[in-house]
Q: 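Structure incoming, see below.
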Amino acid sequence: MRIVIADDAVLLREGLVRLLTESGHEVVAAVGDGDALVEAVVEHRPDVSIVDVRMPPSHTDEGLRAAVEARRLVPRTPILVLSQYVEVSYADDLLATTGGAGGGIGYLLKDRVAAIDEFLDALRRVAAGGTVLDPEVVGQLFARRRRDDPLRELTPREREVLALMAEGRSNTAIARALVVSDGAVEKHVRNIFTKLTLPPDTEQHRRVLAVLTYLRN
């Protein structure tokens with residue numbers, strides 16, 4: 001894969017460059033601020049970009065805003081965001097950029113990079129157009145439930161399936177995690193789409209809409 005890295009922490013940035021290069025990928029740009037990220041994405045059209053949420057000058061959400069701008073200028077460009085902390089609103093904002101246009105999106109804690117195989121797998125899934133969310137982000141979503149929760153009609157098992165879907169897992173991976181058949185998962189997914197009254201569309205679009213509903217409640 002051709003990859004752009006944006007992180008102002010030099011050690012982490014160079015460590016990612018080495019890791020990805022040794023894994024057979026090409027790092028076409030490694031930058032330290034949001035403006036440079038946008039320029040690199042527009043110039044190189046990478047297969048995926050790895051972006052830190054907090055970058056200069058204020059170290060708040062420059063990376064996220066740059067990622068959103070990059071996706072505006074280069075629709076569907078895959079973005080994997082790395083964050084030091086769980087910030088659910090950032091994940092929600094980033095997922096909102098998918099709309100109906102698709103394009104891979106990921107949000108992981110930086111600690112996940114240490115699990116190299118899992119990190120590389122997440123990167124491949126995002127590059128392929130999938131949605132990958134850190135399990136800790138998903139776990140904190142339950143604290144944001146409202147009384148008018150649109151998920152209230154879901155059964156406990158359907159909520160489990162949707163939580164795993166929000167982590168970016170395929171139906172087969174969900175089936176393995178829950179120790180059920182692929183057919184059972186497919187039935188649960190259909191029920192989720194129906195109960196959330198998601199319009200008929202492509203499977204990937206409906207999955208993204210379901211995840212957005214999950215994140216926002």
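The chain is numbered in sequence order, starting from 1. Heavy atoms only: backbone and side chains are in, while hydrogens, waters and symmetry mates are out.
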Q: Is there a side-chain contact between Leu109 and Gln84 (heavy atoms, below 4.5 Å)?
A: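 No - every pair of side-chain heavy atoms lies 4.5 Å or more apart.
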Q: With Ala184, which residues qualify under side chain to side chain contact (heavy atoms under 4.5 Å, CB included), at least two apart?
A: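 Listed in chain order: Val180, Ser181.
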Q: Would you sort out whether Leu73 and Val41 count as a side chain to side chain contact (heavy atoms under 4.5 Å, CB included), showing the intermediate values?
A: CA-CA 9 Å; Leu73 295 173; Val41 169; over 6 Å; no
Q: Please name all residues satisfying side-chain hydrogen bond (donor to acceptor under 3.5 Å, both in side chains) with Arg176, sequence neighbours left out, ordered by chain then number.
A: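 Per chain and number, Arg176 pairs via side-chain hydrogen bond (donor to acceptor under 3.5 Å, both in side chains) with no residue.
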Q: Assess the side chains of Thr172 and Ser170: does a donor N or O sit below 3.5 Å from an acceptor N or O?
A: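 No, no side-chain donor-acceptor contact under 3.5 Å.
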Q: Please list, chain by chain and in numerical order, all residues satisfying side chain to side chain contact (heavy atoms under 4.5 Å, CB included) with Ala177, sequence neighbours excluded.
A: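 Counting only residues at least two positions away or on another chain, Ala177 forms a side chain to side chain contact (heavy atoms under 4.5 Å, CB included) with Leu164, Arg169.
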Q: Under the side-chain hydrogen bond (donor to acceptor under 3.5 Å, both in side chains) rule, collect the residues that match up with Thr197, sequence neighbours excluded.
A: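 Per chain and number, Thr197 pairs via side-chain hydrogen bond (donor to acceptor under 3.5 Å, both in side chains) with no residue.
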Q: Using the rule that two of Ile, Leu, Val, Met, Phe, Trp, Tyr join whenever any of their side-chain heavy atoms come within less than 4.5 Å, decide whether Val161 and Leu133 are in one cluster.
A: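 Val161 and Leu133: one cluster.
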Q: Has the side chain of Asp33 got a donor or acceptor atom that lies under 3.5 Å from a matching backbone atom of Ala36?
A: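 A pair under 3.5 Å: yes.
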Q: Passes side chain to side chain contact (heavy atoms under 4.5 Å, CB included), Leu162 versus Met165? Steps please.
A: CA-CA 5 Å; Leu162 183 53; Met165 191 189 302; 4.1 Å; yes
Q: Is there a side-chain contact between Val132 and Glu167 in this structure, where contact means two heavy atoms from C-beta onward sitting under 4.5 Å apart?
A: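 No, every pair of side-chain atoms sits at 4.5 Å or beyond.
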Q: Using a 3.5 Å distance criterion without hydrogens, assess whether the side chain of Glu118 forms a donor-acceptor pair with backbone atoms of Ile116.
A: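 Checking the backbone N and O of Ile116 against the side chain of Glu118, no donor-acceptor pair under 3.5 Å is found.
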Q: For Arg124, give me all partners under side chain to side chain contact (heavy atoms under 4.5 Å, CB included), at least two apart in sequence or on another chain.
A: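 For Arg124 the side chain to side chain contact (heavy atoms under 4.5 Å, CB included) partners, ignoring immediate neighbours, are Met1, Leu120, Asp121.
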Q: Please name all residues satisfying salt bridge (charged side-chain N to carboxylate O under 4.0 Å, His left out) with Glu26, sequence neighbours left out, ordered by chain then number.
A: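 Per chain and number, Glu26 pairs via salt bridge (charged side-chain N to carboxylate O under 4.0 Å, His left out) with no residue.
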Q: Enumerate donor-acceptor pairs with a distance under 3.5 Å from any side-chain N or O in residues 185-196 to protein atoms, sequence neighbours excluded.
A:
residue: Asn191; atom: ND2; partner: Glu158; partner atom: OE2; Å: 3.4
residue: Asn191; atom: ND2; partner: Lys187; partner atom: O; Å: 3.4
residue: Thr194; atom: OG1; partner: Arg190; partner atom: O; Å: 3.0
residue: Lys195; atom: NZ; partner: Glu153; partner atom: O; Å: 3.2
residue: Lys195; atom: NZ; partner: Glu158; partner atom: OE1; Å: 2.8
residue: Lys195; atom: NZ; partner: Glu158; partner atom: OE2; Å: 3.3

Q: Taking side chain as C-beta onward, heavy atoms only, is Leu178 less than 4.5 Å from Glu160?
A: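 Touching, per the 4.5 Å side-chain cut-off.
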Q: Provide the closest heavy-atom pair for Pro46 versus Ala40 in the form atom of the first, atom of the second, distance.
A: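 Where Pro46 meets Ala40 most closely, the heavy atoms are CD-O, 4.4 Å.
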Q: Taking Gly168's backbone N and O only, do any of them form a donor-acceptor pair with Arg125's side chain (distance below 3.5 Å, no angle check)?
A: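 Checked: pair present.
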Q: Any heavy-atom pair between the side chains of Ser83 and Lys110 that's under 4.5 Å?
A: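 No - every pair of side-chain heavy atoms lies 4.5 Å or more apart.
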Q: With ILVMFWY side chains joined below 4.5 Å, transitively, what does Val10's cluster contain besides itself?
A: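 Its cluster partners, ordered by chain and number, are none at all.
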Q: Hey, can you pull the donor-acceptor pairs under 3.5 Å for the side chains in residues 11-21, sequence neighbours left out?
A:
residue: Arg13; atom: NH1; partner: Asp7; partner atom: O; Å: 2.5
residue: Arg18; atom: NE; partner: Glu22; partner atom: OE2; Å: 3.0
residue: Thr21; atom: OG1; partner: Val17; partner atom: O; Å: 2.7

Q: Where is the tightest heavy-atom contact between Pro56 and Glu62, given as atom of each residue plus distance?
A: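 In terms of heavy atoms, the two residues are closest at O-CG, 3.5 Å.
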Q: Would you sort out whether Ile79 and Val48 count as a side chain to side chain contact (heavy atoms under 4.5 Å, CB included), showing the intermediate values?
A: CA-CA 6 Å; Ile79 300 283; Val48 62; over 6 Å; no
Q: Using the test side chain to side chain contact (heavy atoms under 4.5 Å, CB included), find all partners of Asp111 that sit at least two apart in sequence or belong to another chain.
A: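 For Asp111 there are no side chain to side chain contact (heavy atoms under 4.5 Å, CB included) partners, ignoring immediate neighbours.
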Q: Check whether Leu37 and Ile3 end up in the same hydrophobic cluster, where Ile, Leu, Val, Met, Phe, Trp and Tyr are linked by side-chain heavy atoms less than 4.5 Å apart.
A: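 Looking at the clustering, Ile3 is in a separate group from Leu37.
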Q: Minimum heavy-atom separation for Leu82 and Ile50, please, with both atom names.
A: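 In terms of heavy atoms, the two residues are closest at CD1-CG2, 3.6 Å.
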Q: Under the side-chain hydrogen bond (donor to acceptor under 3.5 Å, both in side chains) test, which residues partner Arg2, sequence neighbours left out?
A: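 So Arg2 forms no side-chain hydrogen bond (donor to acceptor under 3.5 Å, both in side chains) with any residue.
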Q: Could you see if Ile5 belongs to whatever hydrophobic cluster contains Leu64? Use Ile, Leu, Val, Met, Phe, Trp, Tyr and a side-chain cutoff under 4.5 Å.
A: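 Per the 4.5 Å side-chain linkage, Ile5 and Leu64 are not co-clustered.
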Q: Run the side chain to side chain contact (heavy atoms under 4.5 Å, CB included) test on Leu80 and Leu108 for me, step by step, so that the C-alpha distance in whole Å, both residues' side-chain angles and the decisive distance to 0.1 Å come before the verdict.
A: CA-CA 7 Å; Leu80 174 61; Leu108 293 179; 4.0 Å; yes
Q: Hey, quick one: are Val27 and Val38 part of the same hydrophobic cluster, counting side-chain heavy atoms closer than 4.5 Å, chains of contacts allowed?
A: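 Looking at the clustering, Val38 is in a separate group from Val27.
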Q: Closer than 4.0 angstrom, basic N to acidic O: yes or no for Asp61 and Arg54?
A: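 Salt bridge: no.
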Q: Same cluster or not: Met55 versus Tyr107, using hydrophobic residues (I, L, V, M, F, W, Y) connected whenever any side-chain heavy atoms lie under 4.5 Å apart?
A: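 Linked, Met55 and Tyr107 end up in one cluster.
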Q: With sequence neighbours excluded, tell me which residues meet side-chain hydrogen bond (donor to acceptor under 3.5 Å, both in side chains) with Glu43.
A: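 Result, side-chain hydrogen bond (donor to acceptor under 3.5 Å, both in side chains) vs Glu43: none returned.
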